[in-house]
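What follows is a structure written as structure tokens; I'll ask about it next.
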Amino acid sequence: MGVEGADPSDQEMKEIRTIVANKADEVGLDEVDTACLQRIKTDDAYISKFFKHTFDHPGPQVESAAKMIMNTLKWRKEFGAGLITEADFPPSMLEKASLFSHNRDKDGKKLLIFSVGKHFKGMEKMEDMKKFFVYFLERLNREERGDQITVMFDCKGAGLKNMDMEFVQFLIGCMKEYYPDPLNYILVFEMPWVLNAAFKIIKAWLPPAAVKKIKFLTKSNMGEYVTEENRLEEWGGSDPWQYQWEHEGVENGSKEVAFEDARDEIRKKTVTFANPSPAMVQSASQDSLGSALSQSSGGPTTNGGQLDILRLSPGQEVVFSATPAGDLAGKIQIQNISTKIVGYKIKTTSPEKYRVRPSTGSLSPGLAATVEIHVSGGQATTVPSSLVRDKFLITAVFLESSELGQQQLADALKTSKPDGQYRLRCQLAGSQVEQGGVVGGAGGGGLLSQYGGQGVGAGQGEHDSTRQVASILKKVNQLANKQEELATQLKLCLHIELVLVGLVIILLVTLLFYTNTDCTRLVEGVTSSSAEVPAVEVIPEVGKAEL
């Protein structure tokens with residue numbers, strides 16, 4: 001452990017770079033984000049952020065910083081963090097206003113606001129929400145040149161139905177594991193009491209250094225951290241700004257070179273599928289395609305009478321293995337080996353189970369793209385052996401131009417007859433399924449595969465902790481659903497009570513009306529009866545003399 005806020009010495013900086021360089025050589029440059037690795041080699045301030053971030057990690061601080069750097073390099077490559085652009089998201093997500101950046105705190109740090117009350121779990125795909133958050137982290141890192149930011153949770157009007165624990169856990173995990181020293185403050189604005197239990201769980205996920213940065217605010221004390229001119233009117237400030245999507249700014253005519261190079265490497269497209277063609281071919285393996293190409297005159301060969309357009313690696317199956325985040329993921333590399341521009345699309349027999357990124361795209365001759373396939377949500381916790389029954393279909397279509405927009409590409413893939421099709425099976429790493437779960441093959445493959453030098457035991461521990469967190473999230477979601485059902489029932493009871501009260505009032509008014517009417521009639525009847533009684537004639541008394 002080290003000293004909080006202390007910068008590394010020149011010797012410690014050199015040791016970190018040496019460890020990272022050796023580890024990167026061991027795992028291979030194809031497995032790490034090379035742009036980020038280059039930044040590690042040249043940017044002392046970037047290394048210092050990792051060093052400061054790991055001051056409270058157990059063990060030597062140099063080793064902890066180097067380990068975090070390696071985990072970050074691998075994750076950025078796998079997630080494609082540096083490749084995400086606003087074009088990857090549908091307009092509905094950009095217009096939702098549940099996550100945005102606007103104004104600054106008192107220290108001049110940019111605010112990243114999560115409007116909890118505008119987020120409803122399940123309305124957007126979880127993978128898209130995760131990418132959206134990473135996009136903002138990357139965007140603010142470019143715009144602020146690596147400076148810290150302040151994350152604000154606007155909980156005004158929020159309830160348990162808005163608290164998405166899986167998404168919040170991802171937010172925390174990103175900033176804890178892959179973005180060094182990112183936070184100035186964590187501001188929580190007007191948190192309702194019903195979210196107290198959820199925030200206790202969230203605080204348990206945070207490291208102690210981050211817990212100290214949490215500030216619970218209301219309109220009365222928000223000025224201690226955000227000035228009046230930087231507070232929206234709904235936060236008690238003077239800024240009348242209303243949300244609208246703001247495109248990323250461009251400074252000095254260009255963004256960072258590494259980001260531009262990454263964007264040129266892969267163009268991500270939205271998901272579209274065309275009608276399948278009856279002509280189906282099995283994808284040839286990489287080795288067989290390579291040998292066939294070497295024997296030809298440089299042009300593509302045929303496979304079963306159909307022209308080979310794409311080279312797939314792996315060529316026969318999608319191999320799924322466990323990621324450091326605890327889910328299942330696989331990769332496919334698609335290369336255009338034809339002499340024409342090719343558009344491709346990917347579909348599966350179980351679309352609800354997988355998230356494919358990108359699922360469509362275009363490739364110029366000789367270029368390649370890497371497709372990542374993740375098992376979505378709770379599907380990864382079901383029986384893994386069920387994955388082997390699923391299949392993927394990759395369809396190739398020749399295009400006239402590589403400069404087609406997203407809609408034009410989607411239309412071309414829908415209307416054009418497939419020029420080539422390839423089927424892939426699904427397989428688990430290690431190819432062995434046992435009663436206790438999936439075990440790896442030689443060298444610790446499969447779900448218990450090694451990550452960052454960890455053995456099978458460490459993988460099992462990580463898997464167990466992931467299951468525990470998943471169990472907690474499930475219970476919290478069940479509590480949220482029960483709370484929503486209870487709220488609905490209370491509303492129904494209130495409506496019934498109002499109806500009953502209304503009926504009682506009507507009944508009382510009716511009774512009062514008829515009672516008054518009967519009394520009036522009774523009085524009138526008594527009065528009329530008294531008037532009709534005949535007068536009694538008085539007979540004068542006869543004197544005794546007359547008798």
Side-chain angles (χ1 to χ4, degrees), residues 81-82 84-159 161-164 166-175 179 182-191 195 202 213-215 217 219 222 225-251 255 259:
I84 305 173
T85 69
E86 61 184 78
D88 294 326
F89 306 104
S92 60
M93 183 172 290
L94 303 181
E95 297 167 359
K96 188 177 180 181
S98 61
L99 185 66
F100 61 93
S101 178
H102 184 69
N103 286 347
R104 300 177 181 273
D105 66 10
K106 262 196 168 181
D107 299 329
K109 312 300 183 183
K110 201 69 182 289
L111 292 174
L112 178 59
I113 299 104
F114 178 34
S115 295
V116 181
K118 296 179 181 178
H119 175 78
F120 296 91
K121 184 176 181 180
M123 289 189 64
E124 303 286 350
K125 295 179 180 178
M126 181 55 64
E127 291 300 319
D128 288 343
M129 286 298 300
K130 291 177 179 179
K131 283 180 60 178
F132 198 45
F133 177 71
V134 172
Y135 164 72
F136 265 110
L137 292 182
E138 293 291 309
R139 171 173 171 170
L140 292 176
N141 185 64
R142 292 189 290 269
E143 293 177 347
E144 302 299 307
R145 301 187 181 278
D147 197 8
Q148 289 180 325
I149 62 173
T150 288
V151 175
M152 175 178 169
F153 291 88
D154 184 358
C155 300
K156 186 177 181 179
K161 62 183 179 180
N162 305 113
M163 182 54 68
D164 192 339
E166 181 182 354
F167 182 55
V168 174
Q169 185 188 23
F170 177 80
L171 266 63
I172 294 173
C174 274
M175 294 184 287
Y179 288 88
L183 294 174
N184 188 42
Y185 290 116
I186 300 175
L187 305 181
V188 183
F189 179 68
E190 292 194 353
M191 186 187 73
L195 299 184
I202 292 172
K213 298 182 177 183
I214 298 178
K215 309 297 177 184
L217 306 179
K219 289 183 179 180
M222 192 174 181
Y225 300 94
V226 183
T227 60
E228 181 180 355
E229 59 269 18
N230 279 286
R231 298 199 308 271
L232 300 180
E233 290 181 346
E234 58 195 82
W235 301 339
S238 59
D239 186 0
W241 181 80
Q242 295 294 323
Y243 175 82
Q244 60 179 359
W245 175 255
E246 296 178 351
H247 298 285
E248 183 171 358
V250 179
E251 296 184 6
K255 300 178 185 175
F259 181 65

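Sequence positions, counted from 1, serve as the residue numbers for this chain. Just so it is clear, the model here is predicted, and its values are computed rather than measured. No hydrogens, no waters, no symmetry mates; every other heavy atom, side chains included, goes into these values.
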| task | Could you please spell out the steps behind the side chain to side chain contact (heavy atoms under 4.5 Å, CB included) verdict for I202 and M163? | result | CA-CA 11 Å; I202 292 172; M163 182 54 68; 4.3 Å; yes
| query | If you take all heavy atoms of F136 and S101, which pair is closest and at what distance? | reply |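 Scanning both residues, the minimum pair turns out to be CE2-N, 4.0 Å.
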| remark: In terms of heavy-atom contacts, G157 and N162 come closest through O-OD1, 4.3 Å
| said: Run K130 and E166 through side chain to side chain contact (heavy atoms under 4.5 Å, CB included) and show every step you take. | reply: CA-CA 10 Å; K130 291 177 179 179; E166 181 182 354; 4.0 Å; yes
| Under the side chain to side chain contact (heavy atoms under 4.5 Å, CB included) criterion, do K213 and Q148 qualify, and how do the steps go? | CA-CA 12 Å; K213 298 182 177 183; Q148 289 180 325; 4.0 Å; yes
| No-hydrogen, no-angle side-chain donor-acceptor test under 3.5 Å, N230 and D105 | no
| message | A side-chain contact here means heavy atoms from C-beta on lying under 4.5 Å apart; do F189 and M152 qualify? | response | yes
| From F153 atom CZ to L217 atom CG, the distance as rounded to the nearest 0.5 Å |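 Taking CZ in F153 and CG in L217, the distance rounds to 12.5 Å.
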| message | Can you tell me if E229 has over 12 outside heavy atoms packed within less than 6.0 Å of its CD? | response | yes
| query | Nearest 0.5 Å, what's the CD-CD distance between Q242 and Q244? | reply | 9.5 Å
| Set of residues satisfying ring-ring contact (aromatic ring centres under 6.0 Å, His included) with respect to F100, sequence neighbours excluded |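 ring-ring contact (aromatic ring centres under 6.0 Å, His included) check on F100 returns W241, Y243.
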| message | So, applying side-chain contact (heavy atoms from CB on, under 4.5 Å) with T150, which one of D107, I186, N184 is it? | response | N184
| task | Check the pair R142, E248 against salt bridge (Lys or Arg N to Asp or Glu O under 4.0 Å), reporting the backbone distance first and the verdict last. | result | CA-CA 10 Å; R142 292 189 290 269; E248 183 171 358; 2.9 Å; yes
| N-O pairing of E127 and K131 below 4.0 Å |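 A salt bridge is absent here (no side-chain N lies under 4.0 Å from a carboxylate O).
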| request: Mind checking salt bridge (Lys or Arg N to Asp or Glu O under 4.0 Å) for E138 and listing every partner two or more places apart, or none if nothing turns up? | output: R76
| Considering all heavy atoms of both residues, which atom of L195 and which atom of A158 are nearest to each other, and what is their separation? |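 Where L195 meets A158 most closely, the heavy atoms are CD1-CB, 4.3 Å.
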| Close side-chain approach of K215 to V188, heavy-atom, < 4.5 Å | no
| field | K118 side chain reached by M123 side chain, heavy atoms, under 4.5 Å | value | no
| query | Looking at Y225 versus Y185, is the centre-to-centre ring distance below 6.0 Å? | reply | yes
| query | Is there a side-chain contact between M175 and V151, using heavy atoms and a 4.5 Å cut-off? | reply |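 M175 vs V151: side chains touch.
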| Can you check side chain to side chain contact (heavy atoms under 4.5 Å, CB included) on K161 and F120, steps first, answer last? | CA-CA 7 Å; K161 62 183 179 180; F120 296 91; 4.1 Å; yes
| said: Measuring from atom CG of L112 to atom NE2 of H102, what distance do you get when rounded to the nearest 0.5 angstrom? | reply: 13.0 Å
| task | Taking all non-hydrogen atoms of both residues into account, name the closest pair between D128 and M93 and its distance. | result |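 Closest heavy-atom pair between D128 and M93: CB-CE, 3.5 Å.
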| field | salt_bridge(K109, E144) N-O dist < 4.0 Å | value | no
| With sequence neighbours excluded, what pairs up with K96 under the side-chain hydrogen bond (donor to acceptor under 3.5 Å, both in side chains) test? |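 By the side-chain hydrogen bond (donor to acceptor under 3.5 Å, both in side chains) rule, K96 matches no residue at all.
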| said: Would you say E190 and W235 are linked by a side-chain donor-acceptor pair, where the criterion is simply a distance under 3.5 Å? | reply: no
| query | Any idea which heavy atoms bring S98 and F114 closest together, and the distance? | reply |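 Nearest pair, atom of S98 first, then F114: O-CD1, 3.2 Å.
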| said: Test ring pair (Phe, Tyr, Trp, His ring centres under 6.0 Å) on F132 and F89; report intermediate values, then the result. | reply: CA-CA 8 Å; F132 198 45; F89 306 104; 5.0 Å; yes
| Just how far is it from atom CE of M126 to atom CZ of F167, taken to the nearest 0.5 Å? | 7.0 Å
| said: For a 4.5 angstrom cut-off between non-hydrogen side-chain atoms, does K219 reach R231? | reply: no
| request: State, with a plain yes or no, whether a side-chain heavy atom of E124 is found less than 4.5 Å away from one of S92. | output: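 Touching, per the 4.5 Å side-chain cut-off.
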| CG-CG distance between L140 and D147, expressed to the nearest 0.5 angstrom | 10.5 Å
| query | Rounded to the nearest 0.5 Å, how far does CZ of R139 lie from CG of N141? | reply |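 That separation rounds to 13.0 Å.
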| query | Mind checking whether D239 and N103 have side chains closer than 4.5 Å, heavy atoms only? | reply | yes
